[in-house]
Structure formats: structure tokens, C-alpha cells
Amino acid sequence: MPELPEVETIRRDLNKELKGRKILKLKFYDWAKMLKPDPETVKKAIEGKKIKEFDRRAKLLLMHLGDHGTTIVFHLKLTGQLLLKKNTDPKDRFNHVIIQLDNGDELHFNDLRKFGYIKVIKDKEELKKLLSDFGPEPLTKEFTVEVFKKILKKTSRNIKTVIMDQAKISGVGNIYADEALWRAKIHPEKTAEKLTEKEIQDLFDALLFVLKQGIEDRGTSVDSYLDVYADEGKHKKNLKVFRLDKEPCPRCKTIIKKIRVGGRGTHYCPACQVK
DNA sequence: CGATTCCCCTGATAGC
DNA sequence: TGCTATCAGGGGAATC
């Protein structure tokens, strides 16, 4: 499932590959619902336009167009893929949208479960409003341990739900939340406001560590994540608990447990991670 | 405000 | 073999 490190990997590669290219045509096949507000608006907004730059906010990939203000937002949700292809390549089984570029390259949006979407943001004002709903970006200087502490101190929700709440912190999903909590030795159901000073600092450090390592590894390929070259990310080998229930904890050898927290499958070590 | 549930989807897996 | 039930999950909406 594409989270901050996966979307960031895609953003960097697309900037390298497609910046400055002109979009010729958008083709869609079997799933008009993924084009918002509707397919005609998306076609009209992007056909004939130049790609200015790819940006990222939380798990959103933003494609700024060179026409003073239009931005196309991509959300990959659970199983979305953005793949770079040639116009001679066949489309994949779960392909729904193809964006054709002026050099024969194509950007294919595939999505097995059809939760992902492509959305037109018509101007800077609308973009600003959309982005204002998100909490701080964890890998920027605005995200300090003091900022993190303030977020945690005013909620009685469990810590895992809080760090996955996009309105509180941007970009952390199920994989990196479980991994950061394991690294910081904090139980996922611990009440956020009850974290000690040390736990706050440890979790802050752990979040930055796992997100940075995730980017260095070009993402985690569980489920169907692939980068734009259709290659798997290498972070799976660095996972300590995620989807490793019934395996021994890499730190203490206790068997990893799986529970549900906030409706999400949650993996943790019952010995290392205490409430 | 928070907690819970439903919904959107479909491949994989388990049980019969 | 093939059917059916269950599960996975980001995030938005509805309800209490």
C-alpha cells in the first residue's frame, strides 16, 4: 500500500522522466469513477498541457500543469500503480487510465481494487484548501519533536490511530506506523497523551528513521506496490513486524502478535511494546 | 470531540 | 472441482 515513501519514490522518478513533457491524450477504459469530478473534465484539463512538476503532499501525488494553476491529484490508495510505459506496450489486466505523452511514453494507472483516483484541482485556491486539511510533513523542518508532542498531548485516542491520522501527521500508513511503534517500543493501543517524554522522542526518531529508510529502499512491496519502472521496493527485507505475526520478534524472539486497532490489522511484539 | 460502522472493490484463502 | 464466506485496507460519510 503506497504510503509516504512509496509516493515519494514515484514522485522523484516521474520528475526525472516526465518533467516538461506535453500530454497528448488521456484514455480511460472501464472505470470512469476514478476520474473526478468526471472523465470529460479531466480530459479537458490535461490534454494539450505541459507537465510542470510532480509534487507530493501526504500520500497524494500532485502533477502541476504549466497553465498557471491546474493541478492533477493522484491517490493510489491500497493497490494503485503508476507505471511508465511505451505506446507500443500492451495495457495490464488492471489498467484503467492511460496518459499519452508527446515522446511516445505513457503513464498507466492500474488499480486492482479500484479505490484510487485522479482528480482535477482547477486553481491554487482549491489546491490550498485541499492541502490545508493535512497535518505536518514528517520529513520537513516544520515537524519538530515539540510539534509532535503538542499533537499527542491533546488527544485521548490510541497512539497508532493518531500517527495514521492524516489531519495530524501526513503520509504515515499501516506499514510505517507498525514499524515505528516497534522501533520505539510503544504499544499501539497506548493512549497518545500518556506517552512519556522519552517515548515521544523515541517515536519521533523512529518515525523519521523508518520513513527515510523506506525512501532509501524505494518503498515496500507488500500487496501490489511497484515503482514507475514496475520494479519492487526493497524495504520488505527491513520490516520488523508488519505482516510478520507468528514470527519471532527480531529484538527479543517473542512471537509477534496481530490485533486490530482502529479497524486496521496491527502487528507488534507483546514483550517489547508495553502500554 | 471521539468511537464505531458501513461503504467502496476484488484477489486470495479457507472450509466444505 | 467449485461453491461460498471471510478478509485485507485508505479514507469519507453517517450515526450515536
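Being a predicted model, the structure only gives us computed values, none of them experimental. Chain identifiers are assigned alphabetically (A, B, ...) following the order of the sequence lines, protein sequences preceding nucleic acid strands; residue numbering begins at 1 within each chain.
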Trainee: Would you check if A:Phe115 stacks with the base of C:dG11, given a 5.5 Å centroid limit and a 30° plane limit, both strict?
Mentor: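 Taking the rule of under 5.5 Å and under 30°, the ring of A:Phe115 does not stack on C:dG11.
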Trainee: In whole angstroms, how far is the P atom of B:dG2 from the CG atom of A:Asp165?
Mentor: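 My rounded result for the distance is 9 Å.
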Trainee: Rounded to the Å, how far apart are A:Lys160 NZ and B:dA3 C1'?
Mentor: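 Computing the A:Lys160:NZ to B:dA3:C1' distance gives 17 Å.
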Trainee: Quick check: does any side chain N or O of A:Lys194 sit under 3.5 Å from a backbone N or O of A:Lys190, one acting as donor and the other as acceptor?
Mentor: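 Answer holds: no.
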Trainee: May I ask you to evaluate whether A:Thr155 reaches the phosphate of B:dC1, defined as a side-chain N or O under 4.0 Å from OP1 or OP2?
Mentor: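 For B:dC1, OP1/OP2 do not have a side-chain N/O of A:Thr155 under 4.0 Å.
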Trainee: Hydrogens and angles aside, do A:Asp111 and A:His96 bring a side-chain donor and acceptor to less than 3.5 Å of each other?
Mentor: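 Checked: A:Asp111/A:His96 side chains show no N/O donor-acceptor pair below 3.5 Å.
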Trainee: Are A:Arg157 and B:dA3 close enough that a side-chain N or O sits under 4.0 Å from OP1 or OP2?
Mentor: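 A:Arg157 to B:dA3 OP1/OP2: side-chain N or O found under 4.0 Å.
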Trainee: Tell me whether the rings of A:Phe242 and A:His267 are parallel (<30°), tilted (30 to 60°) or perpendicular (>60°).
Mentor: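 It falls in the perpendicular class, over 60°.
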Trainee: What integer distance in Å separates A:Leu60:CG from C:dG11:C1'?
Mentor: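 Distance, rounded to whole Å: 11 Å.
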Trainee: Mind calculating the distance between CG (A:Asp133) and P (C:dG10) to the nearest angstrom?
Mentor: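 Result: 19 Å.
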Trainee: Determine the contact category for A:Thr79: base if any of its heavy atoms lies under 4.0 Å from a base atom, sugar-phosphate if only primed atoms, P, OP1 or OP2 are that close, otherwise nothing.
Mentor: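 The answer is nothing, as A:Thr79 stays clear of every strand by at least 4.0 Å.
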Trainee: How close or far is atom C1' of B:dC7 from atom OH of A:Tyr117, stated in whole angstroms?
Mentor: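 Distance check: A:Tyr117 OH to B:dC7 C1' gives 16 Å.
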